[in-house]
Amino acid sequence: SQLKNYKSESSPYVYSFTSLSPFQNTANTEFLARLRLYENSKVGFTYGNTQFNRFHLSEITTIYAPNVYTATRLNFNLKVEYFFLMYYHEFKFNNFYVEGGMGMGINTLSWKTNGYSASQYEYTPQTGFMVGNGLGYKLETSFNKKLSDNFVLQLGGFYNYYTVPSFNGT
């Protein structure tokens, strides 16, 4: 991540130590609809959002002089909303169906920032909000067990990849 190399000052006379606490978990909510085209093929769409738990960036900067330092602490909150058009294919495997799908669509990423920068002489609150749009991609697979004509037990996983070429905001 580029945040690991973050420096607020690029001068060689300024020493900087940066630590980043990455996000560990995400919360994902999806709504999906599928329509069977052929015996083993389906098409559909997925609308969802992913909330990345808050992560932090801390930096301590000092000049080569005694007791001259600045401490910065920034908290980040990321949220992605997306809409994908999907294609799925099923394979019969013993008493299960293995389903694989892929899709492409659009996503919007919201990036909220708050925190502070403090030194011996001043305290400055830091706030920001940026939004960017881009393309997103999705791969998913699942194992399905038909319980009745109307119910299917499904266990699977997915991988989403979001792109955002630029952000607008402060």
Side-chain angles (χ1 to χ4, degrees), residues 1-8 18-59 72-115 125-170:
S1 163
Q2 293 296 324
L3 288 175
K4 289 181 183 177
N5 301 321
Y6 172 81
K7 286 181 80 166
S8 59
T18 303
S19 73
L20 180 66
S21 67
F23 46 85
Q24 301 288 329
N25 300 315
T26 59
N28 194 69
T29 306
E30 286 188 343
F31 172 78
L32 54 98
R34 297 177 185 168
L35 177 65
R36 187 171 298 279
L37 282 182
Y38 304 106
E39 184 180 346
N40 293 338
S41 297
K42 299 179 195 174
V43 294
F45 71 88
T46 302
Y47 173 78
N49 67 47
T50 303
Q51 178 74 45
F52 297 92
N53 68 343
R54 180 171 281 211
F55 62 103
H56 315 281
L57 176 85
S58 300
E59 180 193 34
T72 303
R73 169 79 172 196
L74 298 175
N75 304 308
F76 301 110
N77 194 355
L78 297 175
K79 180 181 179 182
V80 181
E81 291 188 35
Y82 53 88
F83 180 81
F84 294 139
L85 296 176
M86 303 290 296
Y87 172 77
Y88 302 92
H89 194 79
E90 287 181 335
F91 305 95
K92 180 122 170 101
F93 181 74
N94 292 336
N95 293 329
F96 293 91
Y97 287 94
V98 178
E99 185 176 84
M102 63 179 145
M104 185 175 127
I106 55 174
N107 59 264
T108 299
L109 189 136
S110 304
W111 185 353
K112 290 183 189 177
T113 304
N114 64 16
Q126 306 285 326
T127 59
F129 181 75
M130 296 189 293
V131 175
N133 299 312
L135 292 177
Y137 308 93
K138 182 178 186 91
L139 292 173
E140 64 180 71
T141 186
S142 65
F143 294 96
N144 304 325
K145 174 71 174 164
K146 192 171 187 178
L147 301 176
S148 70
D149 287 340
N150 296 324
F151 292 102
V152 174
L153 177 64
Q154 185 175 56
L155 179 66
F158 65 90
Y159 175 74
N160 288 353
Y161 184 78
Y162 310 113
T163 63
V164 179
S166 64
F167 287 96
N168 295 319
T170 61

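Below, each value reflects all heavy atoms present in this structure, side chains not excepted, and no hydrogens, waters or symmetry copies. Numbers here simply count residues along the sequence, with the first being 1. Please read these numbers as outputs of a predicted model, since none were measured by experiment.
In this structure a side-chain-to-backbone donor-acceptor pair under 3.5 Å is missing from Thr50 to Val80.
The structure places OG1 of Thr26 at 11.5 Å from CG of Leu78, a figure rounded to the nearest 0.5 Å. Remark: Ile106 CD1 to Phe83 CZ distance equals 7.5 Å, nearest 0.5 Å. Taken to the nearest 0.5 Å, the CG atom of Asn168 stands 11.0 Å off from the CZ atom of Phe129. Residue Asn107 holds its CG atom at 7.5 Å from CG of Leu135, rounded to the nearest 0.5 Å. In this structure, CG on Leu85 lies 9.5 Å from CZ on Phe45, to the nearest 0.5 angstrom. The distance from the CD atom of Glu30 to the CG atom of Asn49 is 9.0 Å, given to the nearest 0.5 Å.
With contacts defined as side-chain heavy-atom distances shorter than 4.5 Å, the pair Tyr82/Thr46 qualifies. Counting only heavy atoms from C-beta outward, the side chains of Asn40 and Lys92 never approach each other to under 4.5 Å. At least one side-chain heavy atom of Leu74 sits under 4.5 Å from a side-chain heavy atom of Gln126.
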Gln51 vs Asn77, side chain to side chain contact (heavy atoms under 4.5 Å, CB included): CA-CA, chis, key distance, verdict: CA-CA 8 Å; Gln51 178 74 45; Asn77 194 355; 2.5 Å; yes
Derivation of the side chain to side chain donor-acceptor pair (under 3.5 Å) call for Thr127 and Asn114: CA-CA 4 Å; Thr127 59; Asn114 64 16; over 6 Å; no
Check against salt bridge (Lys or Arg N to Asp or Glu O under 4.0 Å), Arg34 and Glu140: CA-CA 14 Å; Arg34 297 177 185 168; Glu140 64 180 71; 3.1 Å; yes
Side chain to side chain contact (heavy atoms under 4.5 Å, CB included) between Trp111 and Val164, intermediate numbers included: CA-CA 11 Å; Trp111 185 353; Val164 179; over 6 Å; no
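The aromatic rings of Tyr162 and Phe52 sit perpendicular, their planes meeting at an angle over 60°, well past the 30° parallel limit.
Between the side chains of Ser142 and Asn144, at least one donor N or O lies within less than 3.5 Å of an accepting N or O. Tyr97 and Gln154 are not linked by any side-chain donor-acceptor pair at a separation below 3.5 angstrom, with hydrogens and angles left out of the test. With no hydrogens or angles considered, a side-chain donor-acceptor pair links Asn133 and Thr108 at under 3.5 Å.
The number of heavy-atom neighbours closer than 6.0 Å to CE of Met130, taken from other residues, nucleotides and ligands shown, is above 12. More than 12 heavy atoms of other residues, nucleotides or ligands lie within 6.0 Å of CZ in Phe167, so this atom counts as buried by the packing criterion. For Tyr161, the OH atom sits in a loose shell: 12 or fewer heavy atoms of surrounding residues, nucleotides or ligands are nearer than 6.0 Å.
Separation of the Phe31 and Tyr47 ring centroids does not fall under the 6.0 Å cut-off.
Exactly one of Met86, His89, Glu99 qualifies for a side-chain contact (heavy atoms from CB on, under 4.5 Å) with Lys42. That residue is Glu99.
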